[in-house]
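One structure below.
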Amino acid sequence: MHDLRFRRTAVAVTAAVVLPFTLSACGGGDGGSDSAADKAATSAPVEEQSTPAVDDAVPADSPFGPACASVPKEGAGSFDGMAEDPVATAASNNPALSTLVTAVKKAGLVDTLNNAENITVFAPTNDAFAKIPQADLDKVLADKQMLTDILTYHVVGQKLTPRQLGNGTYDTLQKSTLTTNGSGENYTVNDNSKVVCGNVPTANATVYIVDTVLMPKS
């Protein structure tokens, strides 16, 4: 009877001693820790990488605009051909600028424009001149001083990039200022003349072909 009680007591003591170590081993082993870490990592929110937005307002580096499609693909009147000639000569090879070329010749400005360095010319198309009533246009063409004032108002004494047209005010060779605004491939001069083919290179100038003749500010 005493031996039986002794054995029960010994078993109970052994169990009491061994059980905590067993539980500790099960709960604190490498497998349990890794599992918990994996779960924590899995449940943690994944940081999303944002893709930089494409800026639609980035100006073009080459000629742009709807009227550029009418520029000859080859020859002296093409973009490559115009890039080799000074600006007045280059304009004379573009059929859409024939009225402007006639006006430049009447004003005696061919050499002035061809010999200038690093200028920007806002060149009105034939359609731009056609917006002026014929009687008024004839009067301007017959008045050399008035014609010179109008034509030199279209010339800025530095090469302007499309980015610089975004919001600018520039001195002209006529001694007054013009303003530009816009972005991407859409620009206007003095708020009413749209660039229809811009950033056209010539040997000594950058040309922006516009759809309305600019008038000097009084």
Side-chain angles (χ1 to χ4, degrees), residues 59-144 146-156 159-162 165 172-174 178 180 182 184-190 192-216:
D61 293 327
S62 56
F64 63 86
C68 291
S70 63
V71 173
K73 303 301 181 184
E74 299 178 349
S78 67
F79 290 131
D80 289 340
M82 292 178 70
E84 296 178 359
D85 292 323
V87 63
T89 302
S92 69
N93 293 321
N94 188 323
L97 300 177
S98 60
T99 305
L100 172 63
V101 172
T102 297
V104 169
K105 290 179 179 179
K106 281 184 173 292
L109 292 174
V110 172
D111 290 340
T112 299
L113 294 178
N114 277 348
N115 293 327
E117 296 183 1
N118 299 321
I119 59 175
T120 294
V121 176
F122 293 94
T125 62
N126 295 342
D127 289 341
F129 280 100
K131 293 179 180 180
I132 302 174
Q134 189 61 48
D136 293 339
L137 181 58
D138 290 342
K139 181 179 179 180
V140 170
L141 292 175
D143 187 330
K144 186 174 181 179
M146 183 186 301
L147 182 60
T148 299
D149 284 345
I150 292 175
L151 293 177
T152 54
Y153 182 67
H154 288 74
V155 183
V156 172
K159 282 189 176 183
L160 299 178
T161 66
L165 298 188
T172 70
L173 296 193
Q174 187 267 340
L178 57 76
T180 61
E185 296 186 356
N186 297 293
Y187 297 94
T188 58
V189 186
N190 287 353
N192 65 351
S193 184
K194 294 182 179 180
V195 174
V196 293
C197 183
N199 206 30
V200 179
T202 70
N204 67 325
T206 299
V207 176
Y208 292 89
I209 299 174
V210 294
D211 70 353
T212 303
V213 176
L214 306 174
M215 292 299 175

Next item on the list: Give the intermediate values and the outcome of side-chain hydrogen bond (donor to acceptor under 3.5 Å, both in side chains) for residues Lys131 and Thr212.
Entry: CA-CA 8 Å; Lys131 293 179 180 180; Thr212 303; 3.0 Å; yes
[X] side, atom [atom1]; [Y] side, atom [atom2] - distance, nearest 0.5 Å:
X: Leu147; Y: Leu109; atom1: CG; atom2: CG; answer: 7.5 Å
X: Leu137; Y: Thr99; atom1: CG; atom2: OG1; answer: 7.5 Å
X: Gln174; Y: His154; atom1: CD; atom2: NE2; answer: 10.5 Å
X: Asp211; Y: Ile209; atom1: CG; atom2: CD1; answer: 11.5 Å
X: Lys159; Y: Thr120; atom1: NZ; atom2: OG1; answer: 8.0 Å
X: Asp80; Y: Glu74; atom1: CG; atom2: CD; answer: 9.5 Å

Check: Do we see a donor-acceptor contact under 3.5 Å between the side chains of Ser98 and Asn126?
Finding: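 Yes, because at least one side-chain N or O of Ser98 sits under 3.5 Å from a partner of the opposite role on Asn126.
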Check: Can you find a side-chain donor-acceptor pair between Asn199 and Tyr187 that sits under 3.5 Å?
Finding: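 Looking only at side-chain atoms, Tyr187 and Asn199 do not form any donor-acceptor pair under 3.5 Å.
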Do you know which two heavy atoms are closest between [X] and [Y], and how far apart they sit?
X: Met82; Y: Asn94; result: SD-ND2, 4.2 Å
X: Ala107; Y: Lys144; result: O-CE, 3.3 Å
X: Tyr153; Y: Met215; result: CE2-O, 3.4 Å
X: Val213; Y: Pro124; result: CG2-CB, 3.9 Å
X: Ser193; Y: Val210; result: OG-CB, 3.2 Å
X: Gly65; Y: Glu185; result: N-OE1, 4.5 Å

Taking the side chain as everything from C-beta on, heavy atoms only, tell me whether [X] gets closer than 4.5 Å to [Y].
X: Leu113; Y: Val104; result: yes
X: Leu160; Y: Leu165; result: yes
X: Pro72; Y: Phe79; result: no
X: Phe122; Y: Thr180; result: yes
X: Val140; Y: Ile150; result: yes
X: Tyr208; Y: Val121; result: no
X: Pro201; Y: Pro63; result: yes
X: Leu178; Y: Leu214; result: yes

Notebook entry, point to check: Which residue pairs pass the side-chain hydrogen bond (donor to acceptor under 3.5 Å, both in side chains) test with at least one member in residues 104-114, sequence neighbours excluded?
Noted result: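 Counting only pairs at least two positions apart or across chains, the side-chain hydrogen bond (donor to acceptor under 3.5 Å, both in side chains) contacts touching residues 104-114 are Thr89-Asn114.
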Next item on the list: Apply the test side-chain contact (heavy atoms from CB on, under 4.5 Å) to residues Asn204 and Asn115: give CA-CA distance (whole Å), side-chain angles for both, the deciding distance (0.1 Å), then the verdict.
Entry: CA-CA 8 Å; Asn204 67 325; Asn115 293 327; over 6 Å; no
